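What you see is a predicted model; the values in this text were computed from it and never measured. Each chain gets a letter, A, B and so on, in the order its sequence line appears, and its residues count up from 1.
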Amino acid sequence: MSGHEINPNKWIDLYSDYLFNYTITRVKDRETAQDLVQETFFAGLKSMKNFKGEASERTWLISILKRKIIDYYRKINSKKGKAEVRMNLNFDAEDDGDWLEQRVADPFDKTAENNLENTELGLAIHNCIGKLPSKQAEVFKMKTLLDYDTETICNELGITASNLWVIIHRARTSLASCMEKNWF
Amino acid sequence: MSKGFKLFMSCKEAVNTCDKAQYGEVTLLDKIKHTIHLFYCKTCQKYSANNKKLTELVNKPEVDCLKKSEKEQLQYNFKKELENHQ
């Protein structure tokens, strides 16, 4: 079926951040998340012929990724033949939760809904970033999400500081209106 | 720098200051001037509020993306796999 345009060369640029964000909110471990994203791309490559073009490429990749994440949890849970579900729910501190007091529900903790909302937030933002021109998207990601110094970015991309601020401004304006439409 | 002291900034400057403020890269003087500007400029008030909201969203820990090195690694592995595939 050659009628459905599918172009794996662009996958990494277009979808890797989106898929990574999807994974990181579910597995909480950077390296695992990275591996899962990579496996997803590989699997996508393998089953490219089965892609019917009914959904967008990204939706299709996400559906593969979902299976990968489920498989991952199955694997770690079955390692010692234990029936318990081992999921790391407290992701901000590794040594938390050993004391009984810490296992009691914390009323000031984020609610499940809150967490769900934030899980979707990352995707919404990456969705909006994906609509930006690639240069703006790149600069915005480096500056905002990766916290690079202005100087580092300027050196790496060969632009001036005022140039950078113009790009950032444009990116922020379109992002704000995109999020206004899709999020608030 | 040698423009002399101006208490009022233009909207263009205000917007620029606001953007920089989202990354904590503003001098105190500019901050004060920006606050003064916001007193009388409705448009910039709105921009500033929206900008702050965006920053709050983006700074949540759930918003993450691949580091440059991680992405390059991914790209590299993927290219190899792609070559095998064809």
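No more than 12 heavy-atom neighbours from other residues, nucleotides or ligands sit within 6.0 angstrom of CZ on B:Phe39.
Side chains of B:Ser48 and B:Gln45: no donor on one and acceptor on the other come within 3.5 Å.
Rounding to the nearest 0.5 angstrom, the gap separating the CD1 atom in A:Ile153 from the NZ atom in A:Lys143 is 5.5 Å. Atom CG of residue B:Asn59 and atom CG of residue A:Leu145 lie 8.5 Å apart, to the nearest 0.5 angstrom. Considering CG of A:Leu132 and CZ of A:Phe140, their distance stands at 8.0 Å, rounded to 0.5 Å.
Here A:Arg30 pairs with B:Glu70 in a salt bridge; the nearest charged N to carboxylate O distance falls below 4.0 Å.
For A:Ile125, the part sitting under 4.5 Å from any heavy atom of chain B is the side chain, from C-beta outward, and nothing else. Of the two parts of A:Glu31, neither the backbone nor the side chain holds a non-hydrogen atom closer than 4.5 Å to a non-hydrogen atom of chain B. When heavy atoms are compared at a cutoff of 4.5 Å, A:Tyr148 approaches chain B solely by way of its side chain, counted from C-beta outward. Contacts between A:Thr144 and chain B at a heavy-atom distance below 4.5 Å involve backbone atoms as well as side-chain atoms. Using a 4.5 Å cut-off between heavy atoms, B:Lys79 does not touch chain A at all. Proximity to chain B is limited to the side chain of A:Glu138, based on heavy atoms less than 4.5 angstrom apart. When heavy atoms are compared at a cutoff of 4.5 Å, A:Phe41 approaches chain B by way of both its backbone and its side chain. Both the backbone and the side chain of B:Asn77 have a heavy atom closer than 4.5 Å to some heavy atom of chain A.
By the 30° and 60° cut-offs, the orientation of the rings of B:Phe78 relative to A:Phe42 is parallel.
Ranked by heavy-atom pairs shorter than 4.5 Å toward chain B, the options A:Leu45, A:Leu146, A:Thr25 are led by A:Leu45.
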